[in-house]
Amino acid sequence: MTNSPAAPAPASHARTRTVFRVVAFAEALSWAGLLIGMYFKWIAETTEVGVKIFGPIHGGIFIAFVLSCFVAWRVFRWSLTTLALALLSSIPPFFTVVFEVLADRRGLLGTPGTGDADVQSASAKPSRQDA
């Protein structure tokens with residue numbers, strides 16, 4: 001069979017890498033907003049608008065992060081331990097960014113620039129060598 005579900009195309013890797021990184025950062029930002037809202041609601045006891053706004057935002061981004069973890073697990077062929085660590089990083093505030101940085105340093109998010117631009121630059125290289 002020619003349509004085997006082997007390794008995804010490099011463009012898929014680049015897209016998954018970008019989405020994972022953006023969602024991890026957004027999850028940390030939504031945590032910050034929620035924590036600020038919780039401060040004003042529970043400590044300053046002035047308003048609960050921040051919690052009403054950032055609670056649903058954080059919840060949606062949290063779900064997006066969990067889904068992106070499962071997609072990255074499949075695309076990058078993470079071990080179950082790595083998947084578990086990624087999922088656990090969504091619980092403490094800002095740990096999604098910590099996990100993303102460490103995963104990127106260890107090569108767990110593929111390599112940067114494996115998308116269509118590299119294919120174009122690779123096809124342009126032989127013409128430079130011929131000149």
Side-chain angles (χ1 to χ4, degrees):
M1 298 183 120
T2 58
N3 291 336
S4 66
S12 175
H13 281 243
R15 196 171 21 257
T16 302
R17 172 188 168 82
T18 300
V19 168
F20 185 84
R21 296 181 82 191
V22 167
V23 172
F25 186 72
E27 204 271 348
L29 285 178
S30 71
W31 250 123
L34 184 58
L35 289 173
I36 291 168
M38 288 174 18
Y39 168 80
F40 283 107
K41 180 178 180 179
W42 299 107
I43 307 297
E45 296 182 358
T46 56
T47 182
E48 58 184 62
V49 171
V51 174
K52 287 184 178 182
I53 292 171
F54 283 102
I57 290 171
H58 176 69
I61 296 174
F62 170 81
I63 291 169
F65 181 75
V66 168
L67 292 173
S68 71
C69 287
F70 281 102
V71 171
W73 171 62
R74 183 162 174 103
V75 169
F76 298 120
R77 299 179 181 203
W78 288 349
S79 67
L80 287 176
T81 303
T82 301
L83 174 63
L85 289 172
L87 293 171
L88 287 173
S89 77
S90 66
I91 297 170
F94 315 116
F95 272 55
T96 55
V97 173
V98 172
F99 176 83
E100 182 274 323
V101 168
L102 293 175
D104 191 40
R105 286 183 184 168
R106 293 184 177 170
L108 296 173
L109 297 176
T111 56
T114 55
D116 297 334
D118 284 335
V119 173
Q120 292 171 357
S121 66
S123 64
K125 286 181 184 177
S127 63
R128 289 184 204 157
Q129 292 174 352
D130 292 338

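Throughout, numbering of the chain's residues begins at 1 and tracks the sequence.
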Provide the closest heavy-atom pair for [X] versus [Y] in the form atom of the first, atom of the second, distance.
| X | Y | answer |
| --- | --- | --- |
| Ala86 | Trp78 | CB-CZ3, 3.8 Å |
| Val97 | Ala28 | CG2-CB, 3.5 Å |
| Ile61 | Ala26 | CG2-C, 3.8 Å |
| Ala24 | Thr96 | O-OG1, 2.8 Å |

Exercise for review: Give, for atom CG of Leu102 and atom CG of Leu109, the distance between the pair rounded to the nearest 0.5 Å.
Suggested key: 10.5 Å
Check your understanding: Rounded to the nearest 0.5 Å, what separation is found between the CG atom of Leu83 and the CG atom of Leu88?
Key -> 9.5 Å
Review point. Thr18 side chain to Ala14 main-chain N or O, any donor-acceptor pair under 3.5 Å?
Key: yes
Would you say [Y] ends up clustered with [X] if hydrophobic residues are merged whenever their side chains have heavy atoms under 4.5 Å apart, either directly or through other cluster members?
| X | Y | value |
| --- | --- | --- |
| Val98 | Ile91 | no |
| Met38 | Val49 | yes |
| Leu34 | Ile43 | no |
| Ile36 | Phe54 | no |

Check your understanding: Between Phe20 and Phe99, does a side chain to side chain contact (heavy atoms under 4.5 Å, CB included) hold up when you go through it step by step?
Key -> CA-CA 11 Å; Phe20 185 84; Phe99 176 83; 3.7 Å; yes
**Study point:** Test side chain to side chain contact (heavy atoms under 4.5 Å, CB included) applied to Trp73 and Leu87, step by step
**Key:** CA-CA 11 Å; Trp73 171 62; Leu87 293 171; over 6 Å; no
Exercise for review: Check step by step if side chain to side chain contact (heavy atoms under 4.5 Å, CB included) holds for His13 and Val75.
Suggested key: CA-CA 7 Å; His13 281 243; Val75 169; 4.1 Å; yes
Point to revise | Residues Asp104, Arg17; criterion side chain to side chain contact (heavy atoms under 4.5 Å, CB included); working and verdict | key: CA-CA 9 Å; Asp104 191 40; Arg17 172 188 168 82; 2.6 Å; yes
Review point. Just wondering, do Thr82 and Phe76 contact through their side chains at under 4.5 Å, heavy atoms?
Key: no
Point to revise | Close side-chain approach of Ser90 to Phe62, heavy-atom, < 4.5 Å | key: yes
Check your understanding: Got a sec, which pairs hit ring pair (Phe, Tyr, Trp, His ring centres under 6.0 Å) with one end in residues 24-47, sequence neighbours left out?
Key ->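 As it turns out, the ring pair (Phe, Tyr, Trp, His ring centres under 6.0 Å) pairs with a partner in residues 24-47, which skip direct neighbours, are Trp31-His58.
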**Study point:** Test side-chain contact (heavy atoms from CB on, under 4.5 Å) applied to Glu100 and Arg21, Glu27, Arg105, the passing residue
**Key:**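 One option only clears the test, and that one is Arg21.
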Between side-chain atoms of residues 63-70 and protein atoms elsewhere (two or more places apart, or another chain), which donor-acceptor pairs fall under 3.5 Å?
| unit_1 | atom_1 | unit_2 | atom_2 | d |
| --- | --- | --- | --- | --- |
| Ser68 | OG | Ala64 | O | 3.4 |
| Ser68 | OG | Phe65 | O | 2.8 |

